[in-house]
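Working notes, beginning with the structure itself.
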Amino acid sequence: MSRLRLAILISGRGTNMERLLEAAAEDGFPAIATLVLSNKASAAGLDTARNAGVEALAIPHRDFDDRESFERAMDQALTDRGIEIIALAGFMRVLTPWFVGKWAGRLINIHPSLLPKYPGLNTHARAIEAGDVEAGCSVHWVTEGVDEGDVIAQARAPILSGDTPDQLANRVLAEEHKLYPRALAEACRLIRQRHAS
Ligand code: GAR
């Protein structure tokens, strides 16, 4: 069975991206890493991708007058490469309804909370502040509402007494790294199923 052409969108260090590239390099994984795209030229993850032999492209959002023209440039790059699934991995720009609509059903994101809890930013501080005993991460389909789409898979991590947001973030990140390749494979399966029926 042919593999879906995967683009990974990042804004920074790209440790989740690295796990996805490793998974996609394995025999039998249902996606092939085709493009890593960043809205910041300084994103460390771009070098990681190049070193892994994957095309890495910066499209700095600051070069554009508005959100939609930035997204049209991204969309062109994705379309030119025949991308079939997009994984957001620490991509820190909110996407417009136009882009989300264009890629609906082919766009997934990883978020560092047990959605529907704590959409948006500062998830770990908010979970600690609320007195929660567990935190976690979610991979979900991207829809117009920020962090609101259906969840594909989640993983949990305990919140320990005295945890700082950074300590918790590291514990959750280790779970993200295991979760995302598995959830991406599941998303590929669901896309194939949808397009076969
Ligand atoms: C990850 O923890 C990811 O869940 C989070 O940013 C981090 C990126 O780390 N994403 C969001 O907060 C999206 N709203 P990475 O660049 O090392 O993968």
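Each ligand, and each atom within it, is numbered from 1 in the order the structure gives.
Residues N16 and I8 are not in side-chain contact: their nearest non-hydrogen atoms beyond the backbone lie 4.5 Å or more apart.
Other residues, nucleotides and ligands place more than 12 heavy atoms under 6.0 Å from the CD atom of E134.
Residue contacts with ligand 1 leave out E18, since none of its heavy atoms falls under 4.0 Å from the ligand. The closest approach between I110 and ligand 1 falls below 4.0 Å for a heavy atom of the residue. At a 4.0 Å cut-off, not a single heavy atom of C137 sits close enough to ligand 1 to count as contact.
The E176 neighbourhood of ligand 1 comprises atoms 1 (C), 2 (O), 3 (C), 4 (O), with distances under 4.0 Å to a heavy atom of that residue. Listed by number with element, the atoms of ligand 1 under 4.0 angstrom from any heavy atom of M92 are 11 (C), 12 (O), 13 (C). Close contacts of ligand 1 with P112, meaning ligand atoms under 4.0 Å from a residue heavy atom, involve 4 (O), 5 (C), 10 (N), 11 (C), 12 (O). Ligand-side atoms of ligand 1 in range of H111: 14 (N), range being under 4.0 angstrom from any heavy atom.
At under 3.5 Å, a nitrogen or oxygen of T15, whether backbone or side chain, sits near a nitrogen or oxygen of ligand 1. Between D147 and ligand 1, a contact under 3.5 Å exists for no N or O pair.
What sits closest to atom 16 (O) of ligand 1 on the protein, heavy atoms only, is G14 N, 2.9 Å.
We find the CG-CD1 distance between L20 and I110 to be 8.0 Å, quoted to the nearest 0.5 Å.
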